[in-house]
Amino acid sequence: NIKYAFHTRDSLYIITNYFTGGNLRHCIQTHYPSTHFPEQQAKFIISNILLCLEYLRSNGIVHRDIKPENLLFDNNGYLHLGDFGIARVIPYINDNDTSGTPCYMAPEAYLNKKHSKYFQVDYFSLGVICYELIFGRRPFHNLNANEIKQLLLTKNLHVNVDDLPRNGVYDNKEVLCDFINRLLTRKCIERMGFTRI
């Protein structure tokens, strides 16, 4: 919520709620810098993000920049979504514009295709975050934006049970892999979360 706003000649300042728990990126870097999250904690984080996405969808909003830096923990440990700078209200005319964070952008956003109408770009970003929580790294790590784009446009990410971390204990490995794979599907109409309006 915006509490106060003011501007100078060069900048606009917006004062919002303060989230004492920091963001998910900070949590990843400080608590799990080289490993994966425990399953129960990962499930809790993913369910919080899903609730955010469902709320946005019910209000006709596509965020278009879901990433750990924009997910903020309150003092009770629940996640909130921030930074709506490139979000769009559906429908809108210029929905073939491309912006976002390369590691979390869906293939159709890279291609300047109409990608906001069906909310699927946000669910692809959720898939990247799921992957990151389980594997301790993003699917396309140590690559520049051009290399990421080429891989996204030519390669379908696919996680197998054998790919899961050896030291991880998971209730149902097949379901976990299927969930990540359905979110990271390259074809948007086949992606989990796809909805026609």
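What's counted below: heavy atoms across the whole structure, side chains too, no hydrogens, waters or symmetry copies. In this text the structure is predicted, and so the values were computed from the model without any measurement.
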> Is the number of heavy atoms from other residues, nucleotides or ligands under 6.0 Å of Phe84 CZ greater than 12?
yes

> State whether the side chain of Arg191 and the backbone N or O of Arg186 hold a donor-acceptor pair below 3.5 Å, judged by distance alone.
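Side chain of Arg191 to backbone of Arg186, a donor-acceptor pair under 3.5 Å: yes, one is there.
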
> Can any side-chain N or O of Asn23 pair as donor or acceptor with the backbone N or O of His26 at less than 3.5 Å?
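Side chain of Asn23 to backbone of His26: a pair is present.
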
> Is the shortest heavy-atom distance from the side chain of Leu176 to the side chain of Val159 under 4.5 Å?
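Of all side-chain heavy-atom pairs linking Val159 with Leu176, none is under 4.5 Å.
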
> Between Val121 and Met105, is any pair of side-chain heavy atoms under 4.5 Å apart?
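Val121 vs Met105: side chains apart.
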
> Over all heavy atoms of both residues, which pair between Ile134 and Pro165 is shortest? Give the atoms and the distance, please.
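For Ile134 versus Pro165, the nearest heavy atoms are O-CG, 3.2 Å.
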
> Going by atom types only, do Tyr104 and Glu132 share a side-chain donor-acceptor pair under 3.5 Å?
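There is such a pair between these side chains.
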
> Looking only at heavy atoms, what is the nearest atom pair of Asp163 and Phe135, with distance?
O-CE2, 3.0 Å

> Go through Lys43 and Asp171 one step at a time and tell me if the salt bridge (charged side-chain N to carboxylate O under 4.0 Å, His left out) criterion holds.
CA-CA 11 Å; Lys43 282 181 177 178; Asp171 289 338; 3.3 Å; yes

> Are Leu81 and Leu71 close enough, and set up right, to give a side-chain contact (heavy atoms from CB on, under 4.5 Å), and what steps lead you there?
CA-CA 5 Å; Leu81 184 58; Leu71 292 159; 3.8 Å; yes

> Ring centroids only, cut at 6.0 angstrom: are Phe19 and His80 within range, meaning strictly under it?
yes

> Phe44 and Ser47: which non-hydrogen atoms are nearest, and at how many Å?
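For Phe44 versus Ser47, the nearest heavy atoms are O-OG, 2.8 Å.
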
> Would you say the side chain of Val161 lies within less than 4.5 Å of the side chain of Glu174, judging by non-hydrogen atoms?
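The answer is yes, as the side chains (C-beta and beyond) meet within the 4.5 Å cut-off.
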
> Do the side chains of Cys103 and Phe140 get nearer than 4.5 Å, heavy atoms only?
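Answer no - side chains too far apart.
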
> Counting C-beta onward and ignoring hydrogens, is there a side-chain heavy-atom pair between Leu12 and Ile14 closer than 4.5 Å?
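Leu12 reaches Ile14 side chain to side chain.
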
> Taking the side chain as every heavy atom from C-beta outward, state whether Tyr170 and Cys177 have any atom pair closer than 4.5 Å.
no

> According to a hydrophobic-cluster definition based on side-chain heavy atoms being under 4.5 Å apart (Ile, Leu, Val, Met, Phe, Trp, Tyr only), do Phe124 and Leu50 belong together?
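In one cluster: yes.
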
> State, with a plain yes or no, whether a side-chain heavy atom of Ile49 is found less than 4.5 Å away from one of Leu79.
yes

> Do the two ring centres, one from Tyr4 and one from Tyr13, sit under 6.0 Å apart?
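They do not qualify: ring centres at least 6.0 Å apart.
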
> List the steps and the verdict of side-chain contact (heavy atoms from CB on, under 4.5 Å) for Leu184 and Ile180.
CA-CA 6 Å; Leu184 292 177; Ile180 294 172; 3.7 Å; yes

> How far apart are the closest heavy atoms of Cys188 and Gln120, and which atoms are they?
CB-CG, 3.4 Å

> For Asp83 versus His63, what's the shortest heavy-atom pair and its separation?
O-NE2, 2.9 Å

> Answer with yes or no whether the hydrophobic clustering places Leu53 together with Tyr131; edges join I, L, V, M, F, W, Y residues whose side-chain heavy atoms lie under 4.5 Å apart.
yes

> Going only through I, L, V, M, F, W and Y residues with side-chain contacts under 4.5 Å, is there a path from Ile129 to Leu72?
no

> Is there a side-chain contact between Val62 and Ile90 (heavy atoms, below 4.5 Å)?
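The answer is yes; the side chains approach within 4.5 Å.
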
> Could you pull out the closest heavy-atom pair between Leu24 and Phe37, with the gap in Å?
CD1-CZ, 4.4 Å

> Does either side chain, that of Thr16 or that of Asn1, offer a donor lying less than 3.5 Å from an acceptor on the other one?
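No donor-acceptor contact under 3.5 Å links the two side chains.
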
